[in-house]
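Scroll down for the structure; my scribbles are underneath it.
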Amino acid sequence: MWSRKRLDIGWTDFAAGLLGSGLRWNREHQHQAIEQAWSTDRESLVCLSVRSGWDLFLSTLNLPPGSEVLMSALTIPDMARIVEAHGLVPVPLDLDPNTLVPTVESFERGLSERTRIVLVAHLFGTRNDLSDLIAAAHAHNLMFVEDCAQAYIGPSFRGHADSDAVLFSFGTIKTATALGGAVVQIADETIRNAMRKRQAEYAVQSRAKFAQRLVKYAALKFISLRPCYGLFVQGCRMIGRDYNAILNKSVKGFGTAAPIERFRSQPSAPLLGLLKRRIQRPPVDRIERQASLGRRIYQQLATDVPCPGGAVPEHCFWVFPLSPSDPQSLIESLRDAGFDTTQGESLCVVNTPKDRPELDPAVSRQLLERLVYLPLYPALTESACDQMAKIVQKQIREPSKTP
Ligand SMILES: *Cc1c(COP(=O)(O)O)cnc(C)c1O
């Protein structure tokens, strides 16, 4: 069976990480090496995660309670939770179904005199030109934050030059993962230095815990190999366990309802060492292979099946989302054919403030309800991709014939 996901990290990276857990101690040295390898004209800060960087940014800005943060309506739940934990109000901006970023019109609808920040995410591997949104935000004196957690492709993309903050994640399920870590570019020197200072007061992530993570995720990677995965799924069925729940739980770095303190640690030296290794040798060939497999599937489906964001020209297909009218039976057909496919469990729709019901993000809500991810990673063969595309097309054309 083809697993839903393969962690984007090699065995030698795991080995280097474990070695580093014993040998690496100097964090300052690693920090500098990462910032050097990252090299843009804007300076960056390395954090434990994008969520840690986002929390640190908001702590540093220290906005008046009740200030509003306009956010892409689809994101991971913690990004909105962190906003609330700071006494601020997340306000959803509905997405354009073609680009998956908000339009300038929806931005203007969301504006109020309390708006202070705009946070836009590039979803699923798409990279849209945000120039108009950034210009609109700046015209209203707002900070513009660009969430690139799903859009890393190596040194050829470092976010928009005019963003006030750009967030890149190297968390477990992300491209070129270091099992944690984030690079956060902050344009304003005063804010950046204040963030650095505040972060330096955090406790350091435990080295032993990081070594445990390496071992755990090496095991997960092993399970996701094709022969093992079928056995794993069967084994879970035999003992009556829901393998979906087991997998979902295991990839959540901080648990679901993490109190905000859990984001407030400095990355350990071995995490920094692994992050440095990943950034110094970006897996550009694998990224390109995955993008080409994504385009291949998209070309076969696009006329019949809604593929959210599929038509965005700059797209690395970090994941391959579909939005079929009957997700459940599609998942079953694919599973029967040996493709483990999942629903969009890790994303959520940002809640609409009670006093502004007209901002309900209907497009994003419908998109999320139907969201299904096809398995997509460089190890998939072209013929496996074509087979998946055929199954999807058949299912869409003849929905009644499926079990
Ligand atoms: C993964 C993700 C994050 C969080 O990244 P971490 O480094 O795990 O905190 C934020 N936003 C989006 C859109 C993501 O996909």
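Read the numbers this way: they start at 1 and go in the same order the structure lists the ligands and their atoms. All heavy atoms count here, side chains included; hydrogens, waters and symmetry mates do not.
- Among Asp55, Leu347, Ile76, Val184, the residue whose heavy atom lies nearest to atom 4 (C) of ligand 1 is Ile76.
- For ligand 1 and Lys174, the ligand atoms under 4.0 Å from any heavy atom of the residue are 1 (C), 2 (C), 3 (C), 5 (O), 14 (C), 15 (O).
- Between the side chains of Ser329 and Asp326, at least one donor-acceptor pair of N or O atoms lies under 3.5 Å.
- Near Ser169, meaning under 4.0 Å from any of its heavy atoms, are these atoms of ligand 1: 5 (O), 6 (P), 7 (O), 8 (O).
- For Val50, a nitrogen or oxygen atom sits less than 3.5 Å from a nitrogen or oxygen atom of ligand 1, counting backbone and side chain alike.
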**OP:** Start with the C-alpha gap between Asp13 and Arg278, add the side-chain angles, then the distance that decides, and say whether salt bridge (charged side-chain N to carboxylate O under 4.0 Å, His left out) holds.
**Re:** CA-CA 8 Å; Asp13 297 311; Arg278 303 299 335 250; 3.7 Å; yes
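- Taking Phe222 as the reference, nothing meets the ring pair (Phe, Tyr, Trp, His ring centres under 6.0 Å) condition, with sequence neighbours excluded.
- Across the listed options Thr177, Asp147, Ile82, Asp147 owns the non-hydrogen atom lying nearest to atom 13 (C) of ligand 1.
- Looking at residues two or more places apart in sequence or on another chain, you find a salt bridge (Lys or Arg N to Asp or Glu O under 4.0 Å) between Glu314 and Arg127.
- Counting heavy atoms under 4.0 Å from ligand 1, residue Arg51 touches it through both backbone and side chain.
- Atoms of ligand 1 lying under 4.0 Å from at least one heavy atom of Ala149, given by number and element, are 2 (C), 3 (C), 10 (C), 11 (N), 12 (C), 14 (C), 15 (O).
- Close approach of ligand 1 to Ser49 is summarised as follows: ligand atoms under 4.0 Å from at least one heavy atom of the residue are 6 (P), 7 (O), 9 (O).
- Defined by atom type and a distance below 3.5 Å, a donor-acceptor pair is present between the side-chain atoms of Ser49 and Ser52.
- Note on Arg192 versus Glu43: salt bridge recorded, some NZ/NE/NH1/NH2 to OD/OE distance being below 4.0 Å.
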